[in-house]
Amino acid sequence: MFELPATGARGAPFRAPMPVTPRLSVVICTLDEHEAIGGVLDDVIADLDGTPFEIIVVDDSIDSRTAHVVLERANHHDRIRLIRRNGAGGLASAAIAGWDVARGDLLAIMDGDGQHDPRLVGRMADRMSRAPADVIVASRYMGGDGSGLAGYRHWISRSGVRLAGLLLGLRLADPMSGCFMMSRAWYERVRPKLSGLGFKILIDIVASDRVRPRVLQTPTALRQRAGGHSKLDLRVAFDLLALLVEKRTSGALPARMSLFLVVGLTGLAVHMLTLASAQALNAPFWLGQSLAIWLAMSWNFALNNGLTFRDRRLHGRALVQGLFSFYAACLSGALVSAGAAAGLHAVGAPWYAAGLSGAALGAFWNYRAVQQLTWRPAKAAVGQAISFFSILAGRGAR
């Protein structure tokens with residue numbers, strides 16, 4: 001068993017060669033799924049017996065229980081590899097981290113909570129070998145409207161399907177599917193354009209190129225979850241909307257920037273509400289305006305930390321430092337906005353055009369500034385992995 005450091009300034013870590021080059025690489029992304037991942041690994045290995053394959057588990061769990069289960073299986077199966085990440089979040093970035101180190105010609109993904117039938121992977125690989133396609137998707141909706149989800153999660157899922165079809169023209173029964181397979185050639189084609197934001201990686205994969213992939217679909221139904229919990233919530237819905245905007249604008253408006261701008265609009269509402277309350281209490285205007293600015297900036301910081309940049313979320317001392325750097329970035333953005341608007345108005349631009357242009361430039365400035373000052377990417381940005389484990393039992397392929 002080898003324990004290897006993350007990718008760093010000196011380049012990628014050495015990885016000992018596996019006995020047989022895999023034809024198929026299965027990436028399984030986990031988040032606190034220690035109860036289920038062992039059975040999932042056992043089932044996938046049993047189903048793919050006779051196929052050259054590898055399994056790459058990308059674990060974002062808070063504790064090490066999931067990793068321990070994976071390591072235990074890896075001691076008996078030399079085809080299992082583990083990427084253990086700290087401070088990284090989101091299935092999309094986890095999937096990309098796994099595919100980036102995968103060696104197979106076919107790249108698959110499935111959940112680690114037991115909801116996906118492990119036999120799907122082998123079936124999709126067989127079908128990809130018989131029919132020319134770039135992507136094959138296991139769809140929950142080919143046989144009807146049921147998703148296996150309940151309540152508002154079902155509504156979010158179905159709404160996402162309709163919006164993807166409406167905004168992107170995707171002819172997929174289930175663009176929200178978390179179980180699919182693609183050719184390495186297609187992945188390498190779209191890799192530079194992937195957003196890596198949120199949990200709905202399939203839309204990123206199929207809508208990141210001007211030419212749509214050749215897609216096959218196969219019906220499936222979700223099984224009962226064996227561990228973990230659903231990640232589909234309102235934050236995921238916001239991520240999805242932002243991703244759809246990015247793909248609809250061909251990347252002109254990145255998904256993260258869309259979220260940042262939406263947060264800014266809510267901050268404007270907080271500002272105006274605070275100012276109106278101060279006026280109703282007969283407070284001096286300068287006091288009400290100052291309080292409104294402070295509350296709006298604090299609101300925007302909290303919301304961006306929990307939504308826009310939650311994969312780089314700040315905690316503890318870093319949270320306090322980040323708050324003050326956010327204040328500094330926003331104040332500098334206000335100066336840029338005011339200066340640009342005054343300059344445009346001075347050369348003859350109408351007041352509304354000057355004001356809107358200044359506001360847009362200030363918002364863009366703020367977004368870039370907080371990326372550099374407040375929510376800086378991790379040093380190991382290529383793989384976003386803090387620890388990389390390559391597990392080899394030294395027994396030869398089975």
Side-chain angles (χ1 to χ4, degrees), residues 2-15 18 22 24-33 37 40-41 44 53-62 64 66-67 69-71 74 79-113 121 178-184 186-205 208 228 231 236 239 243 255-256 309-313 375-391:
F2 299 88
E3 178 176 326
L4 303 172
T7 305
R10 289 177 289 180
F14 168 78
R15 291 193 293 272
M18 297 181 72
L24 168 63
S25 297
V26 183
V27 171
I28 302 177
C29 305
T30 57
L31 179 63
D32 300 325
E33 287 160 350
I37 187 60
V40 171
L41 292 173
V44 173
F53 72 94
E54 65 177 348
I55 300 174
I56 302 169
V57 179
V58 184
D59 183 34
D60 283 349
S61 302
I62 296 174
S64 60
T66 301
V69 176
V70 176
L71 293 174
R79 305 180 187 202
I80 298 175
R81 305 161 68 190
L82 170 67
I83 297 176
R84 176 106 164 98
R85 309 195 308 171
N86 293 326
L91 182 142
S93 66
I96 292 170
W99 289 326
D100 280 350
V101 300
R103 302 185 305 140
D105 292 325
L106 295 177
L107 307 177
I109 185 171
M110 63 182 296
D111 289 347
D113 59 9
V121 177
C179 184
F180 61 90
M181 184 180 296
M182 63 185 156
S183 67
R184 172 172 291 279
W186 181 259
Y187 178 66
E188 292 176 349
R189 177 170 180 164
V190 300
R191 174 63 179 91
K193 308 170 189 176
L194 296 180
S195 167
L197 181 68
F199 286 79
K200 299 305 169 186
I201 183 64
L202 177 57
I203 291 177
D204 215 358
I205 290 292
S208 287
K231 286 76 178 176
V236 173
D239 286 344
L243 179 62
R256 202 184 294 272
F309 296 98
R310 75 173 180 269
D311 56 329
R312 307 174 194 173
R313 186 177 302 168
W375 292 284
R376 292 183 295 272
K379 291 182 180 179
V382 175
Q384 295 184 359
I386 298 301
S387 299
F388 186 96
F389 298 88
S390 180
I391 312 302

- Message: Is there a side-chain contact between I83 and I56 in this structure, where contact means two heavy atoms from C-beta onward sitting under 4.5 Å apart?
- Response: yes

- Non-neighbouring partners of R184 that pass side-chain hydrogen bond (donor to acceptor under 3.5 Å, both in side chains), sequence neighbours left out: none

- Task: Could you tell me whether the side chain of W99 and the main chain of A108 form a donor-acceptor pair under 3.5 Å?
- Result: yes

- Item | Distance-minimising heavy-atom pair for S61 and D32 | OG-N, 2.6 Å

- Query: Where do T66 and E33 come nearest, in terms of heavy atoms and distance?
  - Reply: OG1-N, 3.1 Å

- Any chance you could measure I62, atom CD1, to L31, atom CG, to the nearest 0.5 Å? 7.0 Å

- List for me each residue that meets side chain to side chain contact (heavy atoms under 4.5 Å, CB included) alongside A67, sequence neighbours excluded, and say none if there are none. D59, L82, R84

- Which atom names give the shortest non-hydrogen contact between T30 and G112, and what distance separates them? CG2-CA, 4.3 Å

- Note on the structure: Per side chain to side chain contact (heavy atoms under 4.5 Å, CB included), I109 is matched among L202, L91, V26, V58 by L91

- Does a side-chain heavy-atom distance below 4.5 Å link I205 with F180? yes

- Query: Under the salt bridge (Lys or Arg N to Asp or Glu O under 4.0 Å) test, which residues partner D111, sequence neighbours left out?
  - Reply: none

- Does D60 use its side chain to pair, donor to acceptor, with the backbone of C29 at less than 3.5 Å? no

- Query: What closest approach, in Å, do K193 and R189 show between heavy atoms, and which atom pair accounts for it?
  - Reply: CE-O, 4.4 Å

- Working to the nearest 0.5 Å, report the span between CG of L106 and CG of L24. 6.0 Å

- Between atom OG of S208 and atom CD1 of I203, what is the distance when rounded to the nearest 0.5 Å? 10.5 Å

- Message: Tell me every residue that passes ring pair (Phe, Tyr, Trp, His ring centres under 6.0 Å) with W186, counting only those two or more places apart in sequence or in another chain.
- Response: none

- side chain to side chain contact (heavy atoms under 4.5 Å, CB included) filter on V44, not counting sequence neighbours, yields V40, L48, I55, M110, P118

- Item | Minimum-distance pair of heavy atoms, taken over all atoms of R103 and P22 | NH2-CD, 3.0 Å

- Find out whether D100 and R191 are in side-chain contact, i.e. whether some heavy atom of one side chain is under 4.5 Å from a heavy atom of the other. yes

- Query: Taking all non-hydrogen atoms of both residues, which atom of W375 and which atom of R312 are closest, and how far apart?
  - Reply: O-NH1, 2.8 Å

- Check: L41 and I28 side chains under 4.5 Å, non-hydrogen atoms: yes

